[in-house]
S.K.: 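Mind having a look at this structure? Questions to follow.
We count residues from 1, following the sequence as given. Note that the coordinates shown come from a computational prediction; the quantities given were computed from them, not determined experimentally.
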Amino acid sequence: MPRGPESSRREFLKRATAATVAASSSVHVLEGQERPPAPGADRVGLATIGLGIQGTGDTKAALKTPGVELVAVADLYDGRLTLAKEAFGDRVATTRDHREILARSDVDAVIIATPDHWHVPIAVEALAAGKHVYCEKPMVQFWEEGHAVVEAQKRSGKVVQVGSQRVSMISHLKARDLLAAGAIGELNMVDAWFSRNSAVGAWQYLIPPDASPATVGWERFLGRAPRRPYDPVRFFRWRNYRDYGTGVAGDMFVHLFSALHAITGSLGPTRIVTTGGLRFWKDGREVPDVMLGLFDYPKTDRNPAFNLTLRLNFADGDGDASGLRLVGSEGVMSVGNEVTLSKRARPTDVAYAIEPFPRAVKEQLLSEHRAQHPALALQPASAETYRPEPGYSASEHHFQNFFASIRTGAPMVEDATFGLRAAGPAVVSNLSFFESRPYAWDPVAMKASPLAG
Ligand SMILES: NC(=O)c1ccc[n+]([C@@H]2O[C@H](COP(=O)([O-])OP(=O)(O)OC[C@H]3O[C@@H](n4cnc5c(N)ncnc54)[C@H](O)[C@@H]3O)[C@@H](O)[C@H]2O)c1
């Protein structure tokens, strides 16, 4: 708001009020979500590797697609194998060893919903075994290993889809179309954030009372991570430890990168700098609970260069919130489950600048200005909201796309290259934080290198 002499302020407020009164808003329901394929489509034998919080949700969402049958589940905690039969039936085969699943001829596709350090090893093995792969985000723990998945996808000819469901989300597709149609003018900045306000949201997950070296496959869980004695906190709260997880950037920034890349068509940032700290959850974790990132996005065929800010806070006393706000020269889009396009014409008001002139000059300036800008009064603000039909599920939609790629060869919506272009900048955000220096990221070659601090 202008800080001018009182008369200018009053004038400004009068105009602002007029604009508010004249503001218009409308709500549209987004229809036309593709729902391929029809019931009775080819059977797809599915197996889930890692039946924890997300693996359970993913499996339920996947089974909503007709013709998909859950054949087997692998998990390293026996309680989850019991859960597999309780939730999906006694016919589901269970094992601690994912290799048994990959050896089965009745499994066509696998969901990989293990902790992050197992994503690449299992994805590469699964593709080599001829399985289609739905791999949870972030696709990688380290950016360097992502190229192995890209290669394995190419070699196998199988479908790879990474599990950032926002890429399929109908509101994001609408945002993509609105942006491409010039609805916000020239994109110049994007601001995106997640705030959380609970212990579980901050990864203090439940540890079951029967957890013990007898019920947990600890040695296999460690995988390529350094050996250490059985520790149920590390097993069930793995996100807090750098040996297995990817911190808040790998967990949450990656969703925002995926969403942004789906909307803008951008391949990724060229410069990455992050800061933050462990501000509240001082429970032995090795990663920050507050992280801020700044990212430079280069010009592309579709958009001018723009800047991105990402913010994450796991102790936000105002409650849970998230947002993705694309700012353009002619409007702003707020994208979440729904998308709202807000516009306010650029004011031609000169009140703030007119005061420090003598009366005669003031009058001359004003009459010239009004002649040039006959619509001096503020244009009305407008807001259009597009929301999905009731009951819409982005996760189910994402799985419909996965199975459509398997059955009909429909283009993959989030293949290994897309996955690396989202997860790469996310895990490089951690490098920037832990090494206190900016990083360069090559979004085409998908490679990182440190920049001078
Ligand atoms: N797309 C999303 O919105 C979303 C949401 C949450 C989590 N995720 C991702 O899903 C993955 C799992 O997260 P979660 O919250 O479900 O964790 P979780 O700890 O609840 O579940 C992980 C499961 O994997 C099992 N496991 C560990 N190593 C294994 C191995 N080698 N073989 C077989 N099973 C193994 C564990 O026993 C556990 O049951 C993470 O990579 C996470 O980033 C994605």
S.K.: Does the ring center of Trp118 lie less than 6.0 Å from the ring center of His98?
M.R.: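 They qualify: ring centres under 6.0 Å apart.
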
S.K.: With Leu308 as reference, evaluate Asp296, Val190, Ile272, Leu294 under the side-chain contact (heavy atoms from CB on, under 4.5 Å) test and give the passing residue.
M.R.: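 Result for side-chain contact (heavy atoms from CB on, under 4.5 Å) with Leu308: Val190.
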
S.K.: Mind listing the closest non-hydrogen atom pair of Pro269 and His261 along with its distance?
M.R.: CD-NE2, 4.4 Å

S.K.: Side chains of Tyr439 and Glu435: is there a donor and an acceptor less than 3.5 Å apart?
M.R.: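 Short answer, yes.
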
S.K.: Is there a donor in the side chain of Ser266 and an acceptor in the side chain of Thr300, or the other way round, less than 3.5 Å apart?
M.R.: no

S.K.: Taking atom types as modelled and ignoring hydrogens, do the side chains of Ser26 and Glu384 form a donor-acceptor contact shorter than 3.5 angstrom?
M.R.: yes

S.K.: Find out whether Trp203 and Arg237 are in side-chain contact, i.e. whether some heavy atom of one side chain is under 4.5 Å from a heavy atom of the other.
M.R.: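 No, every pair of side-chain atoms sits at 4.5 Å or beyond.
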
S.K.: So which atom in Ser405 and which in Pro411 form the shortest heavy-atom distance, rounded to 0.1 Å?
M.R.: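 Distance-wise, the nearest heavy atoms are OG-O, 3.4 Å.
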
S.K.: Just how far is it from atom CD1 of Ile111 to atom CD1 of Ile122, taken to the nearest 0.5 Å?
M.R.: 13.0 Å

S.K.: Side chains of His255 and Arg166: donor-acceptor distance under 3.5 Å anywhere?
M.R.: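 Yes, a side-chain donor-acceptor pair sits under 3.5 Å.
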
S.K.: Test side chain to side chain contact (heavy atoms under 4.5 Å, CB included) on Leu51 and Leu83 and set out the steps.
M.R.: CA-CA 8 Å; Leu51 194 73; Leu83 166 73; 4.0 Å; yes

S.K.: If you apply the rule salt bridge (charged side-chain N to carboxylate O under 4.0 Å, His left out), what do you find for Arg96 with Asp78, and how did you get there?
M.R.: CA-CA 8 Å; Arg96 280 189 183 181; Asp78 291 348; 2.9 Å; yes

S.K.: Below 4.5 Å, heavy atoms only, C-beta onward: do Thr264 and Leu187 meet side chain to side chain?
M.R.: yes

S.K.: Roughly how far, to the nearest 0.5 Å, is the CD1 atom of Ile49 from the CD atom of Glu136?
M.R.: 13.0 Å

S.K.: Could you state the interatomic distance from CG (Leu431) to CZ (Arg437), rounded to the nearest 0.5 Å?
M.R.: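 Those atoms lie 8.5 Å apart.
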
S.K.: Can you tell if the side chain of Phe295 reaches within under 4.5 Å of the side chain of Asn307, non-hydrogen atoms only?
M.R.: no

S.K.: Under 6.0 Å from the ring centre and within 45 degrees of the ring axis: does the NZ or CZ of Arg234 meet both conditions for the six-membered ring of Tyr241?
M.R.: yes

S.K.: Can you see whether His119 engages Glu145 through a side-chain donor-acceptor pair at a distance of less than 3.5 angstrom?
M.R.: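 No - no donor-acceptor pair under 3.5 Å links their side chains.
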
S.K.: Does the plane of the ring in Trp218 sit parallel, tilted or perpendicular to the ring in Phe235? Use 30° and 60° as the thresholds.
M.R.: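 The arrangement is tilted - the two ring planes meet at 30° to 60°.
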
S.K.: Apply the test side chain to side chain contact (heavy atoms under 4.5 Å, CB included) to residues Val159 and Phe403: give CA-CA distance (whole Å), side-chain angles for both, the deciding distance (0.1 Å), then the verdict.
M.R.: CA-CA 9 Å; Val159 172; Phe403 294 120; over 6 Å; no

S.K.: Testing the 3.5 Å rule here: is there a donor-acceptor pair between the side chains of Ser429 and Thr274?
M.R.: no

S.K.: Rounded to the nearest 0.5 Å, how far apart are NZ of Lys60 and OG of Ser393?
M.R.: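 Going from the NZ atom of Lys60 to the OG atom of Ser393 covers 13.0 Å.
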
S.K.: Under a 4.5 Å cut-off applied to non-hydrogen side-chain atoms, are Leu127 and Arg155 in contact?
M.R.: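 When only atoms from C-beta onward are counted, Arg155 and Leu127 do not touch, as no gap falls below 4.5 Å.
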
S.K.: Side chains of Gln141 and Thr246: any donor to acceptor distance under 3.5 Å?
M.R.: no

S.K.: Taking atom CG of Asp75 and atom CG of Asp97, what is their separation to the nearest 0.5 Å?
M.R.: 12.5 Å

S.K.: List the atom of Val133, the atom of Ala123, and the distance in Å for their closest heavy-atom pair.
M.R.: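 The answer is CG2-O, 4.1 Å.
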
S.K.: Is it the case that atom NZ in Lys85 sees more than 12 heavy atoms from other parts of the structure closer than 6.0 Å?
M.R.: yes

S.K.: Other residues, nucleotides and ligands only: do more than 12 of their heavy atoms fall within 6.0 Å of CD on Glu144?
M.R.: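 Atom CD in Glu144 is packed in, count exceeds 12.
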
S.K.: Mind listing the closest non-hydrogen atom pair of His397 and Ile170 along with its distance?
M.R.: ND1-N, 4.5 Å

S.K.: Decide side chain to side chain contact (heavy atoms under 4.5 Å, CB included) for His132 and Val110; before the verdict, give the C-alpha distance in whole Å, the side-chain angles of both, and the deciding distance to 0.1 Å.
M.R.: CA-CA 6 Å; His132 302 288; Val110 293; over 6 Å; no

S.K.: Between Asp283 and Gln204, do the side chains contain an N or O donor and an N or O acceptor separated by less than 3.5 Å?
M.R.: yes

S.K.: Do the rings of Trp143 and His147 sit parallel, tilted or perpendicular, given the 30° and 60° boundaries?
M.R.: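 Answer is perpendicular, since the angle exceeds 60°.
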
S.K.: Can a donor-acceptor pair be found, under 3.5 Å and without considering hydrogens, that links the side chain of Lys131 to the backbone of Ala47?
M.R.: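 No; judged by distance alone, with no hydrogens or angles, the pair does not exist.
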
S.K.: Apply the test side chain to side chain contact (heavy atoms under 4.5 Å, CB included) to residues His117 and Asp243: give CA-CA distance (whole Å), side-chain angles for both, the deciding distance (0.1 Å), then the verdict.
M.R.: CA-CA 7 Å; His117 68 310; Asp243 284 343; over 6 Å; no

S.K.: Scan the side chains in residues 309-326 for donor-acceptor partners under 3.5 Å anywhere in the protein, sequence neighbours excluded, and list what turns up.
M.R.:
unit_1 : atom_1 : unit_2 : atom_2 : d
Thr309 : OG1    : Asp191 : OD1    : 2.5
Arg311 : NE     : Asp191 : OD1    : 3.4
Arg311 : NH2    : Asp191 : OD1    : 3.3
Arg311 : NH2    : Asp191 : OD2    : 3.0
Asn313 : OD1    : Ala315 : N      : 2.8
Asp316 : OD1    : Asp318 : N      : 2.9
Asp316 : OD2    : Ser195 : OG     : 3.1
Asp320 : OD1    : Asn197 : N      : 2.8

S.K.: Side chain of Arg407, backbone of Asp42: donor and acceptor closer than 3.5 Å?
M.R.: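 Yes: the side chain of Arg407 pairs with the backbone of Asp42.
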
S.K.: Taking only residues two or more places apart in sequence, or in another chain, which ones meet Arg91 in a side chain to side chain donor-acceptor pair (under 3.5 Å)?
M.R.: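 Not a single residue meets the side chain to side chain donor-acceptor pair (under 3.5 Å) criterion with Arg91.
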
S.K.: Under 3.5 Å, is there a donor-acceptor pair between the Thr215 and Asp210 side chains?
M.R.: no

S.K.: Please determine if Arg271 forms a cation-pi arrangement with Tyr297, meaning its NZ or CZ atom is less than 6.0 Å from the six-membered ring centre and no more than 45° off the ring axis.
M.R.: no

S.K.: What closest approach, in Å, do Val73 and Ile101 show between heavy atoms, and which atom pair accounts for it?
M.R.: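 Taking Val73 first and Ile101 second, the nearest heavy atoms are C-CD1, 3.5 Å.
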
S.K.: With a 4.5 Å limit on heavy-atom distance, are the side chains of Leu267 and Val444 in contact?
M.R.: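 Side-chain contact under 4.5 Å: yes.
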
S.K.: Starting at CZ of Arg99, measure out to CD of Glu125 and round the result to the nearest 0.5 Å.
M.R.: 7.0 Å

S.K.: For residues Ser171 and Leu30, report the shortest heavy-atom separation together with the two atoms involved.
M.R.: CA-CD1, 3.9 Å

S.K.: Quick test of your reading of the model: are Lys282 and Asp289 salt-bridged, counting only N-O distances below 4.0 Å?
M.R.: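 No, no charged N to carboxylate O under 4.0 Å.
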
S.K.: With heavy-atom distances below 4.5 Å as the criterion, would you say the side chains of Phe434 and Arg242 are in contact?
M.R.: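 They are in contact (side-chain heavy atoms under 4.5 Å apart), so the answer is yes.
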
S.K.: Sequence neighbours left out, what passes side chain to side chain donor-acceptor pair (under 3.5 Å) with Lys137? Give chain and number order.
M.R.: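 Partners of Lys137 under the side chain to side chain donor-acceptor pair (under 3.5 Å) test: Asp251.
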
S.K.: Quick one, Phe418 and Met412 - any side-chain contact, counting heavy atoms below 4.5 Å?
M.R.: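 No, their side chains stay 4.5 Å or more apart.
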
S.K.: Tell me whether Glu338 is salt-bridged to Lys174, with the criterion being a basic N under 4.0 Å from an acidic carboxylate O.
M.R.: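 Salt bridge between Glu338 and Lys174, a charged N being under 4.0 Å from a carboxylate O: no.
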
S.K.: Among Gln161, Gln165, His398, exactly one meets side-chain hydrogen bond (donor to acceptor under 3.5 Å, both in side chains) together with Glu414. Which residue is that?
M.R.: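 Going through the options one by one, the only one that passes is His398.
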
S.K.: Do Tyr244 and Phe221 make a side-chain contact, defined as non-hydrogen atoms from C-beta onward lying under 4.5 Å apart?
M.R.: yes

S.K.: Output, in order, the C-alpha distance, side-chain angles, deciding distance and verdict of ring-ring contact (aromatic ring centres under 6.0 Å, His included) for Phe402 and Tyr134.
M.R.: CA-CA 8 Å; Phe402 177 56; Tyr134 183 99; 5.5 Å; yes

